[in-house]
Amino acid sequence: MHMLSKLAPEIRQYLLVTGNYWAFTLTDGALRMLVVLHFHELGYSPLEIALLFVFYEFFGVVTNLVGGWLGAHLGLNRTMNIGLGLQVVALLMLTVPATMLTVPWVMAAQALSGIAKDLNKMSAKSSIKLLVTDGQQGTLYKWVAVLTGSKNALKGVGFFLGGALLAWLGFTGAVLAMAAVLAVIWLASLALLKKDLGKAKSKPKFREIWSKSRAINVLSAARLFLFGARDVWFVVALPVYLTSQFGWDFWQVGGFLALWVIGYGIVQSFAPYLTGKRRGQVPDGRAAFGWALSLAWLPAAIAMGLGTTEVSAQTVLIGGLLLFGALFAVNSSLHSYLIVSYAKEDGVSLDVGFYYMSNALGRLIGTLLSGWVFQAYGLEACLWVSSTFVLLAALISVALPRHAETT
């Protein structure tokens, strides 16, 4: 704590925001893995498991849309702390006796967790805009990449943590342990986070939650299809496929997906160096189109590989998933920079909230399709849908602004 007080105010707040986001992310990743694996073990079908997350994703859409307006009115410190508190409540809801752990109850807990997650994420991403001056676009890109990359690396750790805690403590014990730790983090955040962070000078009207920026609207549409493309095979189809087709246990599924997301997060952190920062450039719409196009072919190639007998399904799927993770990480990090760059500084959470509303809508569509398409047609069909979605994201990105800024 003494070392933290010696840092420059903006660095100190950045570290507090990032640490808060990290703590939340660990529980979010672990909870998702716990729910998927626990309810699969109980005999739920892939579609039924997907439906458990419907409210999580749906309320993420609503929260991002309204949360940006709340952040501008109340301040980002309050929306971030509200998110942490709600996650503690959501976790505690899942500690009830097994007889009360019905599908509607779990869906309600997931709804609360979805609200909490998107309040926390919107607050963290918006805060970075306020801690970097407009003339430091290279620094802004680097800070956003580090925040996003480290978050996803820790989400991977959360996947592993979820599988490990399920095997070690059981479902109820795992959830209770996470709630206790997160409650301590929440109390520390209440005491340390800057009180007026992100509060708009002029209070926006509620109708202003809809973005008036063409660039943000186009980027939001591209983001919807980009994240739908990931979740259509990653959320339900992949964990269930690894368990049912390859015979992997909880530790193997949780561990592998954890390593994948950790690697994905590491690549995100280095994305600025892969997209032009070494040449003194920051990315624009041209870069968003090019990187999306480089990803669009891959899920279809994995699907075709799974349909052949020349190479084992495990080799095709694992190898393809690793390459998909690397390319998707660059796309995601690039998008995360562009939205923060496009957003106006006063009331930044309005623009960022609208954008992540599209992100959440893409995740909702992807989650539903992941359960339904996998159950009806198999993993290969999910992969073909994924390729189609990424191609649509690339085509939409053609309309993004193009520039050639230097840092």
Distance (rounded to the nearest 0.5 Å) between Leu392 CG and Leu226 CG: 11.5 Å

Heavy-atom pair of closest approach, residues Leu383 and Pro299: O-CB, 3.2 Å

Considering all heavy atoms, the nearest Ala109-Leu94 contact: CB-CD2, 3.7 Å

Main-chain N/O of Arg223 paired with Ser358 side-chain donor or acceptor, under 3.5 Å: no

Sub-6.0 Å ring centroid separation between Phe227 and Phe328: yes

Spatial distance of atom CG (Leu238) from atom CG (Leu317) [nearest 0.5 Å]: 6.0 Å

More than 12 heavy atoms from other groups under 6.0 Å of OH on Tyr377: no

From Ile302 atom CD1 to Cys382 atom SG, the distance as rounded to the nearest 0.5 Å: 12.0 Å

Under 3.5 Å donor-acceptor, Asn331 side chain and Trp291 backbone: yes

Shortest non-hydrogen separation from His335 to Ala288 and the atoms involved: NE2-CB, 4.5 Å

Reported CG-to-CG distance for the pair Leu112 and Leu86, which is rounded to 0.5 angstrom: 5.0 Å

Donor-acceptor pair, side chain of Thr95 and main chain of Leu91, under 3.5 angstrom: no

Side chain proximity check, Gln245 to Leu379, heavy atoms < 4.5 angstrom: no

Which atom of Phe55 lies closest to which atom of Met107, heavy atoms considered: CB-O, 3.6 Å

Heavy atoms of other groups near Phe256 CZ, more than 12 under 6.0 Å: yes

Check: Ser244 side chain, Val240 main-chain N or O, donor-acceptor pair, under 3.5 Å: yes

Parallel, tilted or perpendicular: rings of Phe171 and Phe39 (30°, 60°): perpendicular

Residues Gln87, Met178; criterion side chain to side chain contact (heavy atoms under 4.5 Å, CB included); working and verdict: CA-CA 10 Å; Gln87 181 75 340; Met178 291 193 299; over 6 Å; no

Donor-acceptor under 3.5 Å (Ser333 side chain, Val330 main chain): no

Check: Trp186 side chain, Asn81 main-chain N or O, donor-acceptor pair, under 3.5 Å: yes

Separation of Leu400 CG from Leu219 CG (nearest 0.5 Å): 5.5 Å

Pair Leu31-Thr27, side chain to side chain contact (heavy atoms under 4.5 Å, CB included): steps then yes or no: CA-CA 6 Å; Leu31 181 59; Thr27 64; 5.9 Å; no

Leu323 CG to Ile318 CD1 distance, which is reported to the nearest 0.5 Å: 14.0 Å

Ser387 side chain to Ala296 backbone, donor-acceptor under 3.5 Å: yes

Evaluation steps, side chain to side chain contact (heavy atoms under 4.5 Å, CB included), between Glu380 and Trp233: CA-CA 9 Å; Glu380 292 90 340; Trp233 66 293; over 6 Å; no

Pair Lys117 + Asp28: basic N to acidic O under 4.0 Å: no

Over all atoms of both residues, closest heavy-atom pair of Ser386 and Phe324: OG-CE1, 4.1 Å

is_close_aromatic(Trp260, Phe234), centroid dist under 6.0 Å: yes

More than 12 heavy atoms from other groups under 6.0 Å of CZ on Phe59: yes

Ser370 side-chain N/O to Ala237 backbone N/O, donor-acceptor pair under 3.5 Å: yes

Arg32 NZ/CZ over Tyr56 ring centroid, <6.0 Å and within 45° of normal: yes

